[in-house]
Amino acid sequence: IAAIILAGGRGKRMKSKGVNKVVVPLGNKQMILHAVDRLTELLISPIIVVVGFAKESVMKVLDGKVVFAHQSKRLGTAHAVMCALKKVPEDVDTVLVLNGDDSAFYTEDIIKKLIESHLKKKSALSFLTIAVNNPVGLGRVIKYKDSVIGIVEEKDATQKQRKITEINPACYIFEVSFLKKYLGKVKKSEFLKVLKNTIGK
């Protein structure tokens with residue numbers, strides 16, 4: 001199992017000037033280091049970090065710990081994953097994809113359970129969901145009975161859907177063959193639409 005950490009975004013909401021948001025300190029170390037150290041403890045390798053905005057600040061913190069993939073133009077999540085996929089070794093068949101900021105809060109137990117569930121069910125893709133008290137601004141997970149049938153961003157959600165408190169934090173596990181088949185078909189801002197159309201197939 002390999003991991004792809006997305007760390008190329010500008011982080012406008014955090015207003016981090018001159019550095020990427022993922023190197024902002026959280027507790028005793030930079031935010032992204034929490035995730036990298038946890039994945040290293042789980043023997044996930046290689047860890048591929050996608051860099052873009054203020055990439056020097058990220059590369060300085062992670063020098064020698066990870067493999068870097070460069071996203072020269074910020075063309076969305078699918079494009080960032082595609083940049084990293086080129087660095088995934090041929091003998092790797094499963095890849096964990098997560099963001100470089102909020103992944104700092106994932107415990108070892110959460111990641112292990114997600115991986116174990118994915119492998120046990122032999123899924124093409126699996127993803128984490130989280131129940132929150134205030135889901136404003138976040139993608140809602142749409143279910144029918146116990147089955148996920150879609151993910152809807154708040155701007156596209158109905159009033160009823162906006163009351164849903166189960167959200168998508170963007171932590172996924174994919175079979176590499178699945179990514180290679182579908183990733184090239186995804187247009188910017190349509191990553192979640194592809195997930196919606198392929199869940200259950």
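- Between E154 and R140 there is a salt bridge, with a side-chain nitrogen of the basic residue lying less than 4.0 Å from a carboxylate oxygen of the acidic one.
- If you take CD1 on I110 and SG on C171, they are separated by 9.0 Å, rounding to the nearest 0.5 Å.
- When all heavy atoms of L42 and I111 are compared, the pair lying nearest together is CD1-CG2, 3.6 Å.
- Using cut-offs of 30° and 60° for the angle between ring planes, the F174 and F178 rings count as parallel.
- When side chains are defined from C-beta on, L96 counts as touching I44, because their heavy atoms get closer than 4.5 Å.
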side-chain contact (heavy atoms from CB on, under 4.5 Å), that's the test. Do I4 and V50 meet it? Break it down for me.
CA-CA 7 Å; I4 295 172; V50 180; 4.0 Å; yes
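- Residue N99 comes nearest to P169 through the heavy atom pair ND2-O, 3.9 Å, listed as atom of the first residue, atom of the second, then distance.
- Residues V148 and T129 are not in side-chain contact: their nearest non-hydrogen atoms beyond the backbone lie 4.5 Å or more apart.
- Residue pairs meeting the salt bridge (charged side-chain N to carboxylate O under 4.0 Å, His left out) criterion with at least one member in residues 23-39, sequence neighbours excluded, are K29-D37.
- Considering only heavy atoms from C-beta on, N133 stays 4.5 Å or farther from T165 through its side chain.
- Placement of I164 and Y144 within a single hydrophobic cluster is found when ILVMFWY residues are connected by side-chain heavy-atom separations under 4.5 Å, directly or transitively.
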Under the side-chain contact (heavy atoms from CB on, under 4.5 Å) criterion, do I5 and V36 qualify, and how do the steps go?
CA-CA 9 Å; I5 301 180; V36 169; 3.8 Å; yes
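- With I167 as the partner, the side-chain contact (heavy atoms from CB on, under 4.5 Å) test is satisfied by one option alone out of V136, N134, L138: L138.
- To the nearest 0.5 Å, atom CE of residue M31 and atom CG of residue D101 are 6.0 Å apart.
- Salt bridge status for E166 with K143: present, with a side-chain N to carboxylate O gap under 4.0 Å.
- Nearest heavy atom pair, residue N168 against residue L128, reads OD1-O, 4.1 Å.
- Between the side chain of N20 and the main chain of F53, a donor-acceptor pair closer than 3.5 Å is present.
- For the pair I48/V66, no side-chain contact is recorded, criterion being any heavy-atom separation below 4.5 Å from C-beta on.
- Residues L26 and H34 approach most closely at O-NE2, 2.7 Å, considering heavy atoms.
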Exercise answer: donor-acceptor pairs, residues 113-120 side-chain atoms, under 3.5 Å, sequence neighbours excluded:
{"from": "K113", "atom 1": "NZ", "to": "D109", "atom 2": "OD2", "distance (Å)": "3.3"}
{"from": "H118", "atom 1": "ND1", "to": "S126", "atom 2": "OG", "distance (Å)": "2.8"}
{"from": "H118", "atom 1": "NE2", "to": "S123", "atom 2": "O", "distance (Å)": "3.4"}
{"from": "H118", "atom 1": "NE2", "to": "E175", "atom 2": "OE2", "distance (Å)": "2.8"}

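- In this structure, the separation between CD1 on I142 and CD on Q161 is 4.0 Å, given to the nearest 0.5 Å.
- Annotation for P135 and R162: closest pair CG-O, 4.2 Å, computed over non-hydrogen atoms.
- Nearest heavy-atom pair, F68 versus M59, reported as atom, atom and distance to 0.1 Å: CZ-CA, 3.5 Å.
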Could you go through the side-chain contact (heavy atoms from CB on, under 4.5 Å) check for V51 and V49 one step at a time?
CA-CA 6 Å; V51 292; V49 176; 4.1 Å; yes
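- Interatomic distance, K55 NZ to H70 NE2, rounded to the nearest 0.5 Å: 5.0 Å.
- Residue L62 holds its CG atom at 9.0 Å from CD1 of I47, rounded to the nearest 0.5 Å.
- Atom SG of residue C83 and atom CG of residue L6 lie 10.0 Å apart, to the nearest 0.5 angstrom.
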Does L98 form a side-chain contact (heavy atoms from CB on, under 4.5 Å) with Y106? I'd like the steps, not just the answer.
CA-CA 10 Å; L98 58 170; Y106 300 155; 4.2 Å; yes
